[in-house]
2 protein chains.
Amino acid sequence: MSAQEANDVLERLCNLQRMEARAFGLRYGLQPVQMEALTYLTQCNRYSNTPQAVAEYLGLTKGTVSQSLKVLEQKGFLRKQADNEDKRIVRLAPTTKGSNLIKKALLTRSLEPALARTDSIKIAELTSALRSILRGMQQINGRKAFGACHTCRFNEDHEKNGYVCGLTREPLSVQDIQLICREHQYPH
Amino acid sequence: MSAQEANDVLERLCNLQRMEARAFGLRYGLQPVQMEALTYLTQCNRYSNTPQAVAEYLGLTKGTVSQSLKVLEQKGFLRKQADNEDKRIVRLAPTTKGSNLIKKALLTRSLEPALARTDSIKIAELTSALRSILRGMQQINGRKAFGACHTCRFNEDHEKNGYVCGLTREPLSVQDIQLICREHQYPH
DNA sequence: TCCATTTAGTTTCGACTCAATACTAATTTC
DNA sequence: GAAATTAGTATTGAGTCGAAACTAAATGGA
């Protein structure tokens with residue numbers, strides 16, 4: 001069992017995912033990149049819902065992303081709102097229409113049901129292996145990991161007092177720590 | 001450990017892969033889709049090296065793929081050759097320049113080194129979990145898996161007489177069964 | 001046998017993505 | 001308080017993509 005083998009299967013899985021996402025988006029008049037941006041926005045936390053963060057997550061320039069977001073807004077999938085503290089910053093929030101679309105897309109994709117029929121021990125192994133690979137990739141290429149807070153080295157578990165982000169010192173709820181954060185870093 | 005969790009990590013990993021592939025390709029004047037096509041062509045077997053197969057693998061229309069292949073040929077990364085038996089069919093073979101580029105790309109990507117530093121037991125678990133998920137996805141969405149012959153239900157192990165493809169009845173070498181085939185189906 | 005159908009591939013066209021560049025406006029720095 | 005930085009937008013040109021129309025070779029009946 002070689003690394004090449006794992007690489008190939010992973011590659012193929014990614015391709016299938018992309019094909020399905022494309023096909024689904026087309027049915028609703030959305031381009032693949034727009035689906036990806038909207039998916040991200042339904043899963044990211046309140047530090048990470050800006051055009052800049054979307055651009056970093058997708059690995060595209062902010063100019064490019066700006067256009068995709070404009071389309072999503074025009075079609076009623078998300079709302080833009082100026083930040084109260086820093087007026088340069090635009091906050092992006094999916095509308096009900098937008099988040100419903102993504103929910104449906106995730107259910108329609110075959111990855112979800114395929115995972116559902118895999119036993120949970122295997123999924124646990126899989127997730128842990130993938131996470132360690134992701135950590136490795138992050139170290140090697142220096143890019144951000146965009147993980148959820150509960151796997152982040154800055155996240156502090158204050159037991160019955162809840163969670164706190166070590167970067168912003170803000171308290172985080174149980175729901176919060178499941179969301180994707182642009183400041184995410186895996187523990188060393 | 002939820003399926004959602006595994007889904008997210010997988011999603012992120014795919015995104016990182018794509019970002020790196022894009023960045024690498026750009027340095028050599030190739031578009032992401034061209035890199036993907038060329039990668040496929042260095043890894044597929046002799047039943048699967050046609051424009052149609054590339055289109056199926058990438059989930060694009062043959063017209064679209066035809067253009068990408070034209071560019072790859074013009075830039076000297078692959079050669080086209082008419083099939084001897086069926087003159088409609090075009091056989092695609094990466095040139096030395098082409099396969100060297102892909103070799104370099106795979107090494108440059110961070111997935112490869114990240115896999116290298118993961119212990120082999122974990123990789124074995126990972127591969128087996130991914131494969132079972134892929135099998136599930138294949139059943140659900142009906143798309144082709146494009147796996148390597150040695151994981152295919154048509155592949156027959158004739159022990160010291162080598163391998164035989166149950167579809168074409170052709171003998172296959174040890175190298176052959178590592179390649180990606182468009183007819184691939186996982187065992188039930 | 002021969003004509004219709006199917007299959008593999010190409011070409012063309014219009015809608016769209018994307019990076020690069022230049023731009024505005026708000027914030028930070030010193 | 002001016003210069004530099006940061007967040008975001010607009011424009012442009014190269015390139016992708018799907019749809020549709022096309023060519024050419026193979027297949028399949030009657």
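In this text the structure is predicted, and so the values were computed from the model without any measurement.
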Steps toward salt bridge (Lys or Arg N to Asp or Glu O under 4.0 Å) verdict (A:R46, A:D176): CA-CA 9 Å; A:R46 58 179 175 277; A:D176 284 342; 3.3 Å; yes
Under 3.5 Å side-chain donor-acceptor pair for B:K75 and B:Y28: no
Polar side chain donor-acceptor pair, A:S173 to A:Y163, under 3.5 angstrom: no
Length of the line joining A:Q81:CD and D:dA7:P, which is rounded to integer Å: 19 Å
Between P of D:dT5 and CD1 of A:I89, the distance in whole Å: 18 Å
Test: B:C181-B:C44 SG spacing under 2.5 Å: no
Which residue lies more 5' along DNA chain C, comparing A:N84 with A:L60 via nearest heavy atoms: A:L60
Upstream residue (5' side of DNA chain C) when A:T64 and A:E85 are each assigned their closest nucleotide: A:T64
Common cluster, A:M137/A:Y186, ILVMFWY with side-chain heavy-atom separation under 4.5 Å: yes
A:E36 and B:R18: CA distance, side-chain angles, deciding distance, salt bridge (Lys or Arg N to Asp or Glu O under 4.0 Å) verdict: CA-CA 13 Å; A:E36 281 167 36; B:R18 200 158 58 240; 2.9 Å; yes
Sugar-phosphate, base or nothing in reach of A:R91, heavy atoms under 4.0 Å: nothing
Nucleotide nearest A:R22 when distance is taken to its side chain, options D:dC17, D:dT9, C:dG9: D:dC17
Closest listed nucleotide, where the reference is the side chain of A:K87 and the choices are C:dA26, C:dA19, D:dT9: C:dA26
Phosphate OP1/OP2 of C:dG9: any B:K70 side-chain N/O under 4.0 Å: no
C:dT10 phosphate, OP1 or OP2, under 4.0 Å from B:K80 side-chain N/O: yes
Salt bridge (Lys or Arg N to Asp or Glu O under 4.0 Å) between B:R79 and B:E73, worked out: CA-CA 6 Å; B:R79 258 193 315 275; B:E73 191 192 19; over 6 Å; no
Residues from residues 27-37 of chain A lying under 4.0 Å of DNA chain C - heavy atoms: A:Q31, A:V33, A:Q34
Upstream residue (5' side of DNA chain D) when A:R88 and B:T61 are each assigned their closest nucleotide: A:R88
Strand-adjacent residues in residues 47-56 of chain A, judged by heavy atoms under 4.0 Å from DNA chain D: A:T50, A:P51, A:Q52
